[in-house]
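Structure first, then comments.
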Amino acid sequence: MSNIKRVAIFLVIIVAGIVIGASFKGSDVLDRAIILGLGVDSAEDGGIMLTAEVVSPGNGTEQVGTFSKNVTVNAPTIATAIQNVAEYTGKEASLGQCVVIIFGQPYYENVDFTDVIEYFINHHSLKESTVICCCEGSAKDLFNNGDALSQSVSLAVSTLMLDQAEKIAVDTNNLLTYARSQTELHCTGFLNKVKFVPSENKDAQSPDKTQGFFSYREYVVFRKNNYVCTLNEQEAQGMALFVKGVLGETFIAEMDGLKRTLQVSDKSVDQKLTDDGGLEIKIKLSVRLGKTDSEEVSGAISTKKKKEIDPKVLEEVKKQAQALAEQYLAKQAEYDFDLLQFHEAYRQKEGTNKALANKPTADFPIKLTVEVEEN
């Protein structure tokens with residue numbers, strides 16, 4: 001490299017450093033209220049009650065370091081509500097680090113929140129990958145469980161849902177995925193439903209302190225951002241059976257006079273249109289006996305030797321799985337939603353048309369077959 005090029009590169013680095021140094025101000029961070037999570041509820045006047053979990057670096061009269069607090073404001077629209085958060089904290093509200101948006105039950109069951117979804121999806125700094133979900137009761141109450149968890153509610157909920165989705169649960173919806181579901185073909189989609197479950201307090205130092213954890217085993221169905229119904233735990237299990245990537249489902253059956261836990265270790269789901277215009281779905285499950293924690297321990301409770309599963313047990317698992325799957329299909333037909341993309345299967349054959357988009361899910365003839373084998 002010539003000396004001239006070396007000098008030129010050196011000058012570019014120096015100029016870049018000066019520009020960056022001049023544009024950065026330490027007070028920029030101190031002037032921001034970083035929002036980790038948002039809870040959307042209905043206000044008494046028909047507007048929006050917004051709860052924001054805010055992390056704000058301490059400065060001036062504030063404590064040193066960072067702290068998290070909840071700010072609840074009322075406003076006619078979501079945009080003005082976020083502006084009110086800024087006014088309440090005295091700092092610019094930043095959504096760039098928002099990890100979760102939670103809709104409260106009285107809100108999502110009664111309000112068409114298309115305008116709220118459009119605001120979030122078009123926001124310049126909110127990530128499209130932000131987790132979006134519903135909750136039991138009000139979102140404000142859910143966010144007020146931070147002391148019980150001794151951690152941020154926003155981080156606890158988003159971490160729980162993302163970790164579980166990778167292991168055993170139906171995928172957690174993010175903002176972009178949900179928004180698309182409300183505009184494509186039959187316009188139906190779902191959101192996970194989170195609830196706080198109190199647990200026994202064994203802390204002698206704080207005997208009156210509430211303790212608990214977050215759980216989600218139900219799903220809330222929407223069509224065009226309007227509430228359709230809620231899938232209970234059994235119906236949600238039935239839906240999960242149709243999802244190829246979901247493993248970890250468990251079944252209980254009696255074997256050798258004892259109740260045994262059988263876990264799904266592999267699954268295949270085949271779906272195809274038949275010549276008579278029906279939809280044929282075949283679910284094949286491979287199951288194995290649940291392992292004990294004492295697998296490496298010798299003695300009577302050891303599971304070192306593989307135990308064959310009784311054919312009667314496999315038949316029992318098949319009956320349970322068939323019943324759960326049919327229970328879900330019945331709910332889907334009753335409330336006319338389509339989380340399994342049956343409409344999409346027909347679109348690939350017939351092409352997109354208005355009649356297909358509006359065709360009730362109950363009008364699709366479904367033939368379901370469930371098979372269970374030992375892994």
Side-chain angles (χ1 to χ4, degrees), residues 20 22-104 106-108 111-135 137-147 149 151-159 174-176 178-179 194 225:
I20 294 173
S23 62
F24 177 80
K25 297 179 181 179
S27 61
D28 286 349
V29 175
L30 299 178
D31 290 339
R32 293 178 180 270
I34 301 170
I35 295 177
L36 290 181
L38 292 172
V40 183
D41 291 305
S42 294
E44 293 183 358
D45 61 0
I48 286 176
M49 178 171 67
L50 184 71
T51 301
E53 183 177 4
V54 178
V55 174
S56 181
N59 65 77
T61 59
E62 297 177 350
Q63 66 188 61
V64 177
T66 61
F67 63 96
S68 171
K69 63 181 179 181
N70 291 337
V71 175
T72 300
V73 297
N74 290 349
T77 67
I78 189 67
T80 52
I82 292 176
Q83 290 177 0
N84 289 349
V85 170
E87 293 178 6
Y88 188 95
T89 60
K91 299 181 179 183
E92 180 184 355
S94 173
L95 293 179
Q97 301 303 317
C98 182
V99 296
V100 66
I101 299 170
I102 303 174
F103 292 104
Y107 178 80
Y108 70 71
V111 175
D112 179 339
F113 52 91
T114 300
D115 56 338
V116 173
I117 294 297
E118 289 182 351
Y119 174 84
F120 285 138
I121 205 72
N122 291 316
H123 196 278
H124 65 281
S125 63
L126 186 67
K127 295 183 178 67
E128 294 176 340
S129 58
T130 298
V131 171
I132 179 173
C133 61
C134 298
C135 71
S138 75
K140 178 182 177 181
D141 289 344
L142 191 80
F143 272 100
N144 285 332
N145 287 302
D147 289 341
L149 301 172
Q151 61 177 308
S152 160
V153 169
S154 301
L155 297 179
V157 171
S158 61
T159 301
N174 59 36
L175 178 60
L176 180 60
Y178 171 76
V194 181
N225 297 309

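These numbers come from a predicted model, not from an experiment. Sequential numbering from 1 along the given sequence is applied to the chain's residues.
Distance check, rounded to the nearest 0.5 Å: SG of C135 to CG of L142 gives 5.0 Å. Residue S94 holds its OG atom at 6.0 Å from CD1 of I34, rounded to the nearest 0.5 Å. With values rounded to the nearest 0.5 angstrom, I101 atom CD1 is found 11.5 Å from C134 atom SG.
Side chain of S154 to main chain of G37: a donor-acceptor pair is present (N/O by atom type, distance under 3.5 Å, no hydrogens or angles). The main-chain N or O of I117 is never found under 3.5 Å from a side-chain atom of N225 such that the two would form a donor-acceptor pair.
Relative orientation of the Y119 and H123 rings is perpendicular, given thresholds of 30° and 60° on the angle between their planes.
In this view, D112 and T114, N226 satisfy the side chain to side chain donor-acceptor pair (under 3.5 Å) rule, not counting sequence neighbours. Partners of N70 according to the side chain to side chain donor-acceptor pair (under 3.5 Å) rule, which considers only residues two or more places apart in sequence or in another chain, are N144. E92 is linked by a side chain to side chain contact (heavy atoms under 4.5 Å, CB included) to R32, counting only residues two or more places apart in sequence or in another chain. For A156, the side chain to side chain contact (heavy atoms under 4.5 Å, CB included) partners are L149, Q151, F214, not counting sequence neighbours. Scanning for side chain to side chain donor-acceptor pair (under 3.5 Å) contacts around S152 gives E53, with sequence neighbours left out.
Tested against F120 for a side chain to side chain contact (heavy atoms under 4.5 Å, CB included), the candidates D115, L176, I78, T130 yield a single pass: I78.
At a threshold of 4.5 Å between non-hydrogen side-chain atoms, the residues I121 and Y178 do not count as touching. Between V153 and L36, every side-chain heavy-atom pair lies at or beyond the 4.5 Å cut-off.
Taking both residues in full, the closest heavy atoms of A93 and I35 are given as CB-CD1, 4.0 Å, listed atom of the first, atom of the second, then distance. When every heavy atom of A81 is checked against every heavy atom of V73, the shortest pair comes out as O-CG2, 3.4 Å.
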Dump the intermediate steps for side chain to side chain contact (heavy atoms under 4.5 Å, CB included) on L155 and V99, then the final yes or no.
CA-CA 7 Å; L155 297 179; V99 296; 4.2 Å; yes

Do any side-chain atoms of residues 39-52 form donor-acceptor pairs under 3.5 angstrom with protein atoms, and if so which ones, sequence neighbours left out?
residue, atom, partner, partner atom, Å
D41, OD1, A139, N, 2.9
D41, OD2, A139, N, 3.2
D41, OD2, K140, N, 2.9
D45, OD1, G47, N, 3.0
T51, OG1, T72, OG1, 3.1

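Ring-centre distance between F113 and Y108: not below the 6.0 Å cut-off.
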